[in-house]
2 protein chains.
Amino acid sequence: MATRPYSESLERLRAAGLRPTRQRLALARLLYGRGHRHVTAEQLHAEALAATVRISLATVYNSLHQFTEAGMLREVVVDPARRYFDTNVEPHHHFFMATDGVLQDISGKDVSITGLPAVPAGTELQGIDVIVRIRRN
Amino acid sequence: MATRPYSESLERLRAAGLRPTRQRLALARLLYGRGHRHVTAEQLHAEALAATVRISLATVYNSLHQFTEAGMLREVVVDPARRYFDTNVEPHHHFFMATDGVLQDISGKDVSITGLPAVPAGTELQGIDVIVRIRRN
DNA sequence: AATTATAGTTATAATAATTATAATATATTG
DNA sequence: CAATATATTATAATTATTATAACTATAATT
Ligand SMILES: [Mn+2]
Ligand SMILES: [Mn+2]
Ligand SMILES: [Zn+2]
Ligand SMILES: [Zn+2]
């Protein structure tokens, strides 16, 4: 069965309770078209323009936040200067190459972390992020 | 033997090849006076002013970067809006309470991570950061 | 100690990512 | 097709950080 990116994106937005506007549909297609992605607002905006989608940077920011709120994206904090958004919302970890700004997934299934203390009293666990920082050699 | 914060800070700066100026001495005393600390530039600047040290925010930023370069501090990336500096330069991990912006150390000794894939070809490991995100409950 | 050179500090301006505003446009509902 | 609710956009504002360049302090030299 061939993928039908248009209706797929449409359903995704409907399920999230977001109006399927031209701009959101275009972004959803760019984001979920093939495989998982890690993007910044600027990158995604440039991609949309390159694909001749007329969209403002403000709308890209708005959409990234709405998608995140809706559980369609999650944010990954690795660089103090840019915010990355990840289409993979399953628990998993990352390689981060600081020089290129490239993120790469590490499956959460295989990784296990032992020896962590219990969370401080009065707090609850929200999530665990493992960032493996690497560089060219 | 009682601690002698003044000469301790002085030696620390000398060892790092940094001139022991009034400002850097004051920051070193605030940072290494007692126990490990995680600070932002704004926080440290406010502390210095509260301690009646006349110092500009620019110098706090400069000093934090110089201390980091000298291995006296390391940066911890947990919040896309602020840069944290850590006086604990041993390999270790963190609890991060996003609402308060408070970081707390997790000893690196006890924690072990298994199941991580090898680093991608052409790259070398720089470090592994584990951030345990928690929230009040 | 005085002089000169080097390095550090600071007020201020610039930068860059992100967020807010408010006018305009689009989508949904009846 | 209205009427209403929601979304988009150009633009301005915000905020943390960094750059600039004049001034000051420290260190080295005489
Ligand atoms: Mn920012
Ligand atoms: Mn910033
Ligand atoms: Zn990912
Ligand atoms: Zn720490």
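The basis for the numbers below is simple: all heavy atoms, side chains too, and nothing from hydrogens, waters or symmetry mates. Naming convention: chains lettered A, B, ... in sequence-line order (proteins, then strands); numbering from 1 in each chain.
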Practice item. In plain terms, say whether B/Arg133 and B/Asp79 are close enough for a salt bridge, that is, a side-chain N and a carboxylate O under 4.0 Å apart. Key: no

**Study point:** Side-chain heavy atoms of A/Met97 within contact of B/Thr123, under 4.5 Å
**Key:** yes

Exercise for review: Quickly work out the B/Gln43 CD to D/dT17 C1' distance and round it to whole Å.
Suggested key: 15 Å

Exercise for review: Please list, chain by chain and in numerical order, all residues satisfying salt bridge (charged side-chain N to carboxylate O under 4.0 Å, His left out) with B/Glu69, sequence neighbours excluded.
Suggested key: none

Exercise for review: Could you state the atom-to-atom distance from CG of A/Leu57 to C1' of C/dT19 in whole Å?
Suggested key: 11 Å

**Study point:** Any A/His65 side-chain N or O less than 4.0 Å from OP1/OP2 of C/dT19
**Key:** yes

Practice item. Starting at atom CZ of A/Phe85, determine the distance to atom P of C/dA17, rounded to an integer number of angstrom. Key: 14 Å

Check your understanding: Is the shortest side-chain N to carboxylate O distance from B/Glu42 to B/Arg83 below 4.0 Å?
Key -> no

Check your understanding: Got a sec, which residues hit salt bridge (charged side-chain N to carboxylate O under 4.0 Å, His left out) with A/Arg12, two or more places apart in sequence or on another chain?
Key -> none

**Study point:** B/Val53 side chain reached by B/Leu49 side chain, heavy atoms, under 4.5 Å
**Key:** no

Check your understanding: Given D/dT9, C/dA11, D/dA7, which nucleotide is nearest the side-chain atoms of A/Thr59?
Key -> D/dT9

Study note, to complete from the structure: Bend of the helix from C/dA1-D/dT30 to C/dG30-D/dC1 from end-axis comparison, five pairs per end, nearest 10°, comes to 20°

Practice item. Check whether any side-chain heavy atom of A/Ile134 sits under 4.5 Å from a side-chain heavy atom of B/Pro120, and report yes or no. Key: yes

**Study point:** Nearest-angstrom distance from the residue atom CG of B/Asp79 to P of D/dA16
**Key:** 10 Å

Study note, to complete from the structure: Sorted by chain and residue number, the ring pair (Phe, Tyr, Trp, His ring centres under 6.0 Å) partners of A/His94 (sequence neighbours excluded) come out as A/His38, A/His92

**Study point:** Gap between atoms OH and P, on B/Tyr84 and D/dA16 respectively (whole Å)
**Key:** 11 Å

Exercise for review: Send over the distance from B/Arg24 CZ to D/dT26 C1', rounded to a whole Å.
Suggested key: 11 Å

Review point. Is A/Tyr61 near enough to C/dT18 that one of its side-chain N or O atoms lies under 4.0 angstrom from OP1 or OP2?
Key: yes

Check your understanding: Hey, are A/Gln66 and A/Arg24 close enough side-chain-wise for a donor-acceptor pair under 3.5 Å?
Key -> yes

**Study point:** Nearest-nucleotide 5' precedence on DNA chain D, A/Gly17 against B/Arg82
**Key:** A/Gly17

Check your understanding: With a 4.0 Å cut-off, would you call B/Asp105 and B/Arg37 a salt bridge?
Key -> no

**Study point:** Aromatic ring pairing B/Phe85/B/His65, orientation class (parallel under 30°, perpendicular over 60°, tilted between)
**Key:** perpendicular

Study note, to complete from the structure: The contact string for nucleotides 21-30 of chain C, one letter per nucleotide 5' to 3', using protein heavy atoms under 4.0 Å with B, S and - for base, sugar-phosphate only and none, comes out as ------BS--

**Study point:** Atom of A/Arg74, atom of A/Asn88 and distance for their closest heavy-atom approach
**Key:** CD-O, 3.6 Å

**Study point:** Value in whole Å for how far the C1' atom of D/dA7 lies from CD of A/Gln66
**Key:** 8 Å

Revision key, fill the gap. To the nearest angstrom, the CG-C1' distance between B/Leu25 and C/dT9 comes to 14 Å

Exercise for review: Enumerate the residues from residues 44-54 of chain A whose closest heavy atom to DNA chain D is under 4.0 Å, giving them by residue number; use none for an empty result.
Suggested key: A/Arg54

